[in-house]
Each structure stands twice: as structure tokens, then as C-alpha cells.
Number of protein chains: 2
Amino acid sequence: MSTEKKWVTASDVARLAGVSRSAVSRAFTPGASVAPETRRRVEEAARELGYQVNILARSMNKGRSNFVGLVTAGFSNAFRNQLIGPLTHQLARQGLIPLLVNAEDSYQQAPGLRDLMSYHVAGIIMTSGAPPLSLAQEYVARSIPVVIINRDTDLPGTDVVYSDNVDGARQAARWLQQRGCQRPAFIGEQPANFSTRQRRDAFCQALTNATCIDVNGSDYHAGFNAVAQLQTCTDIDGVFCATDTLALGLRDALSQHPSLSSLPLVGFDDIPEAGYAARQLTTLRQDVERLAGEAVSLLIQRMEDDQRPPVKKVVPVQLIARR
Amino acid sequence: MSTEKKWVTASDVARLAGVSRSAVSRAFTPGASVAPETRRRVEEAARELGYQVNILARSMNKGRSNFVGLVTAGFSNAFRNQLIGPLTHQLARQGLIPLLVNAEDSYQQAPGLRDLMSYHVAGIIMTSGAPPLSLAQEYVARSIPVVIINRDTDLPGTDVVYSDNVDGARQAARWLQQRGCQRPAFIGEQPANFSTRQRRDAFCQALTNATCIDVNGSDYHAGFNAVAQLQTCTDIDGVFCATDTLALGLRDALSQHPSLSSLPLVGFDDIPEAGYAARQLTTLRQDVERLAGEAVSLLIQRMEDDQRPPVKKVVPVQLIARR
DNA sequence: AATTGTAAGCGCTTACAATT
DNA sequence: AATTGTAAGCGCTTACAATT
């Protein structure tokens, strides 16, 4: 109906319930001082009219919103997508709601990220990938909590949470050794992001004779094409890939070379495809639930005390041995 | 700094620029009546203080926000994820920003979707999948524009945009015929969603001798397990799968049966994996850019006129013949 | 005619005083 | 002591009247 008034306000409810505007407000404010009978009448009137508190007005009043900027870098990274669900869920549990910003989208890039400020977000969660950390500083300068996932930084006032790449790399090394690997290789994108760097360094430290192969991408094709570089190195008999996606690309390329088709491979992330019946890729599973849980928890804690020292939370990973 | 005031307001800017509060407001309102020199002074002061309009306050005032509820059903569907980027982009171009709600998340389900209303969203975009349409009605009742993607409905006041499943299915049929297919089969989830139903019906109409195989899921494993049912039907020599994910699962299962390993297969969606070197799945590509563009455009149009008759936009699909 | 400031209002919350 | 209403304020926009 276009005849209906678009929004029901607290005044409408107050009128119907025969109470004051502020009584309505109190009835919807947990812990406020309001008689049970009054609350009942208000709730009844609200139900009848279909009233819901205008969160925009409430936010303006309280000087703090329920919005959390969820900054991601595109939606083509399978692992990062796996993170969005749990993050949204954990935020919802805290009464927060994500405002989605794609930092990879040039249109949104700088302006979009900065605009987030005009929404007076209660905090920002940045998933790995693009976002320029300089912008994070602008938020910190206004004491808006910033949590960064899978990327390290020593920005003051910024909390970080990331998977235990070092332990993961060591587990990968051990697993390859158990499979009799003598000449291991590591494949990762160059320039390396935080995760890739940690994984590579820890792997090369565990297996000092490891060969490092740099590829110039992080997608399937980069992994697929890595086979050429792999072949120039003699006797490689086991590979640790920085991500599952790279590993799966490499695996497909290897399958065309009879001599290499059963090369032991370890990935990282445990994206869905790694578990496919025809894939059965051994990998290090990132605990997305826990990454999301810790991220939101750190955000909440910093909302309550923006002076607390920066925290770095390392979340364990698990080796999923498949084949 | 915790000593800094958290937010700079228009009054702060007005004071520094030596103008009134409303002059500042005008300087930030496109098309408002303000002298060039005044605007300049205001902009300078704003830059100096790092002022940004408080969008919450503005929204409250105008009675309309920049928020658009982006309702999705989880983040495990590769195709649906492909849609989020372009949607976010198109919204950003219009000065709108998505509030993410996961309808698959039981915690958010009913309350979350309804809560969206308290954010006074300017509109809602529902991607295919879970969301109960009953909730859409609540929005329509308040003249909040609702656009539904890849799902048909005759809810009054609701616009829909979907891919041309019928034409896609016909193209799939033709392609299979060209490959010499005599006994075609269709595989899709049962109960079927809108897309699956349209694809199945159009396919069976084009190829009247087609066998329909129902599977009880829409993921890789459902496709993988479908091979058992396929084998009970004799002489199937070509399959159209409702989605790429099903097709890829089926393909992997087929590869273990020498007699079936080269069965012609057609999928739908063109998810990234379909294009992998080792996959090369023939499929019908959904035009995500255009789906997103049309969705946002319909949303905008209905914001401007909530009385316009419901529109159904059908977006062409393209056969990507691979192998 | 173009530009400006004043004042009211958007829908809420909350300190405070008044009432029970 | 518990509960209530009044009134001011959150940060904006905008009709209107006043000024140039």
C-alpha cells in the first residue's frame, strides 16, 4: 500500500499505548527503568503497529552504530569466501551487521573505504588481500577498532588474527618427509603476501634444501603453469604449495606428465575443492570458524577499551592427510 | 589518540569557516544554493578538520538511507559468490552500500531479515536460494523495493531478474544433438528450485525423450553420486546438468568408468572451475555483470516510483563450448 | 535573483525533576 | 524506591524569511 505511512515511529506507539515517547524508548532498551505493565502495553502496541526501533536514530543518539565495515578483496578467492559466512554470523551474534566493501573494486577502493567513516562504523574487519594499510591508520586515528585477518602489521591500535602458518609449514614438511621426499620444493606467488611469506620461510627453515619456485599469480592457472619451472629443477620429489588453488592447478598440469603424476603435494586452506572425491588433496585446514570468532571478539574488546595494547592471535591449523 | 574528539561535525566546520551550520550542509549537498566562495571556504575547513557528513544523520533527515540489504544464502555456492562482486560494485556506483545478511544462517534467518527493516534500508536484493518470500512481502507492504535474482515470483511490487534458462536449456539440447546424442538425460536437484525447474522443463521439451534424474543435493557430491542412477538407465549418451558443480562432480565419477568417461556433458553457470585447463566443461555462462546491473537498475527505478508495475528481466546466457 | 542564517524537524535517548 | 514525563540533545536538512 502506498497509502500506508512508511515508518511507524515511537510516537505512534506511545499514542496507542497511552504512554509517553520516552516510555516506549525504555521498553525497547534492555535494563531501562520501566514497569512490567507499561512494558507489556508498549510491546502490544508495537506489535499491533509493526513498530521497530529506527536504528539510524538510535545510533546517532548513542554516538555508536551497529555497523562493521567488512573489507574484502574480491570474491574470487575461494578461501576468503569461506570466511565471510562465519564472520557475518559472529557479527550477527553481537548485534552487529556487516557493511560490505570490496577493496579490489577500483570504484570503491579509496573513496569507498574512506566513506565507511561517514557511516560511523563501530569497527572494521579487513580480510587479507588488497586493502592499503594506510587507510587502516585513518580509522585508528579516530579510535575506530580495526582487526586484520591473515596479515601481520604493527600498526598501533590494530589487532590481528592469523592462522599458524609456521606450524602449518612444518607439518607440511614433516608429511612430505614421511612420504620419502628428499628434494622438496615450495611454490608461491611472488611478490608474496604475508601468509605466503610465512609459509615459505618456515618451510625452507624446516627443509633447508628446499627449492623455492616463484609464480606470478595466485590462481589456478598460476599453479598450472608452474609445472614448466618445476621441470627445470631436477629431481623434485614433493611440493608444498602456498594455497590449495595453486596446488590444484599444479596437480592438473602434473597429471599430463606420467613421470610426475604422483608427486606428493600439500596445499593450504582446505577449500571445498580440495576435498572432492577426485581431488583428495592433502592440505592444512584453516579454522575459519575460529578465525572469525577471534576477529569479532577482538573487535568487541577494542570497542570497550581502545587503549588496550595490540593483540596478535594465532589460530592453529590442522593437517588433513588425503593422498 | 583517545584525546581526539571522535567525530568532526558540521558545526566544527562552520565555526572554522566562519559560516552557518546550514551553509556547510549546503556545500555538501549537490545542487544546493551556495556561493562558490562559500563552498570553497567550507571545503577547505572540512579538509583541514577531516570532516565527513554523518550519513546516519543525513539518512534520518531525508527519511531514506543508502543501505541496501543484500540477502544471500551462504557463501558456499560458487556461482552466487560470483554475483556478489558485481552487485557490490553496481550499488557503489549509485552511492548505495550493501548490508550483508545471510539467510542460511539460522541465527540471522527470521530476526536478521526483519531487523533489516530497522536499518531503514532503501531496498533489498535477494539472491536465489533460501530467503522465504513471505518476508519479502513485509518489505513490499512498506514500499521498500525488493529485487529478486534468479527466482521467479508474482509478488506484487517485486521485480525479478533472471538468466534465460529456457534458451540455455535449448542451446544445451542443440549442442548435445550436434555431438550425436540420441538418449539425453537431465540431472538436477529435487526438490527443484526455480532455475533448475526452468532448465529441466525446457530441456525436456526440446528433447522429448530425455530422462530426468533427480538428485538430493546441489553440491559436488550430489553430482558425483548421480553416476549410480545414471547407470541404471541404459544407453544415456549425453547429459545436461542443472549446474556446473553437479556436472563437475558427475564428470569425476564418470572418469572412473571407462565406458562413460567421454560422455558429453553440459553444465550451467560457468563458474571458474569449469574453465580450468583440466576441466574444460561446456556450459552456459550466466552474465553476472548484467544480472547485477539489471538488479540494481530495477531497484533504483522502483525507489523512484513504487507504483510501477512489476518487471521481469530476462538476461541472455551464452553457450561456452569447450569439450 | 542569488545567497545566507534562523529555526524547526527527522526519530531516537537520557538526565533530571516530578510523581506515585 | 520505583516509575514516569518533560525537555534537551545527537548531527543533519530544508522551508522560510532576511539580506545582499
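Residue numbers begin at 1 in each chain, while the letters A, B, ... track the order of the sequences.
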Quiz: residues 117-124 of chain A side-chain donor-acceptor pairs under 3.5 angstrom, not counting sequence neighbours:
residue  : atom : partner  : partner atom : Å
A:Ser118 : OG   : A:Asp115 : O            : 2.5
A:Ser118 : OG   : B:Gln52  : NE2          : 3.4

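Legend: residues meeting salt bridge (charged side-chain N to carboxylate O under 4.0 Å, His left out) with B:Arg39, ordered by chain and number and at least two apart, are B:Glu43. Every side-chain hydrogen bond (donor to acceptor under 3.5 Å, both in side chains) that A:Asn150 has, sequence neighbours left out, goes to A:Gln286. Residues meeting the side-chain hydrogen bond (donor to acceptor under 3.5 Å, both in side chains) test with A:Ser20, sequence neighbours left out: A:Ser22. Listed by chain and residue number, B:Arg114 satisfy the side-chain hydrogen bond (donor to acceptor under 3.5 Å, both in side chains) test with B:Glu138 (two or more places apart in sequence, or in another chain). Looking at residues two or more places apart in sequence or on another chain, you find a side-chain contact (heavy atoms from CB on, under 4.5 Å) between A:Leu155 and A:Leu133, A:Ala136, A:Gln137, A:Thr153, A:Thr158. Shown here are the side-chain contact (heavy atoms from CB on, under 4.5 Å) partners of B:Asp152, two or more places apart in sequence or in another chain: B:Val160, B:Tyr162, B:Phe194, B:Lys312. Residues meeting the salt bridge (charged side-chain N to carboxylate O under 4.0 Å, His left out) test with B:Glu44, sequence neighbours left out: B:Arg40.
Separating the CZ atom of B:Arg21 from the C1' atom of C:dG9 is a distance of 12 Å, rounded to the nearest angstrom. For B:Asp12 and D:dC10, the CG to C1' distance is 13 Å, given to the nearest whole Å.
Checking each of A:Leu87, A:Asp159, A:Leu298 against A:Ile149 for a side-chain contact (heavy atoms from CB on, under 4.5 Å) leaves exactly one that passes, namely A:Leu87.
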Trace of the side chain to side chain contact (heavy atoms under 4.5 Å, CB included) decision for A:Leu91 with A:Ile125: CA-CA 10 Å; A:Leu91 288 172; A:Ile125 295 181; 4.3 Å; yes
Chi angles and distances behind the side chain to side chain contact (heavy atoms under 4.5 Å, CB included) call for B:Asn77, B:Thr127: CA-CA 11 Å; B:Asn77 180 309; B:Thr127 68; over 6 Å; no
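When all heavy atoms are compared, the tightest approach of A:Arg142 to B:Leu49 is NH2-O, 4.5 Å.
Side-chain atoms of A:Thr38 lie closest to D:dT4 of the nucleotides C:dG5, D:dT4, C:dT4. Closest contact between the side chain of A:Ala35 and the listed nucleotides D:dC12, C:dG5, D:dT3 involves D:dT3. Comparing atom distances between the A:Ser33 side chain and each of D:dT3, C:dG5, D:dC12 picks out D:dT3 as nearest.
Residue B:Tyr51 is in sugar-phosphate contact alone, with no base atom involved, counting any heavy-atom pair closer than 4.0 Å across all strands shown. Residue-level contact check: A:Val24 touches neither bases nor backbone, having no heavy atom under 4.0 Å from any strand.
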Identify the pairs formed between an N or O of the protein and an N or O of nucleotides 15-20 of chain D at a distance under 3.5 Å, and give each distance.
residue : atom : partner : partner atom : Å
D:dA15  : N6   : B:Arg26 : NH2          : 3.2

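Interatomic distance, CG of B:Leu99 versus CG of A:Leu70, reported as 11.5 Å (0.5 Å rounding).
For residues 56-65 of chain B, proximity to DNA chain C is found at B:Met60, B:Asn61, defined as any non-hydrogen atom under 4.0 angstrom from a strand atom. At a non-hydrogen distance threshold of 4.0 Å, nothing from residues 42-50 of chain A comes into contact with DNA chain D.
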Bracket notation of DNA chain C in which parentheses pair within the strand, [ ] cross earlier pairs, and | pairs with another strand (Watson-Crick or G-U, under 3.5 Å): ||||||||||||||||||||
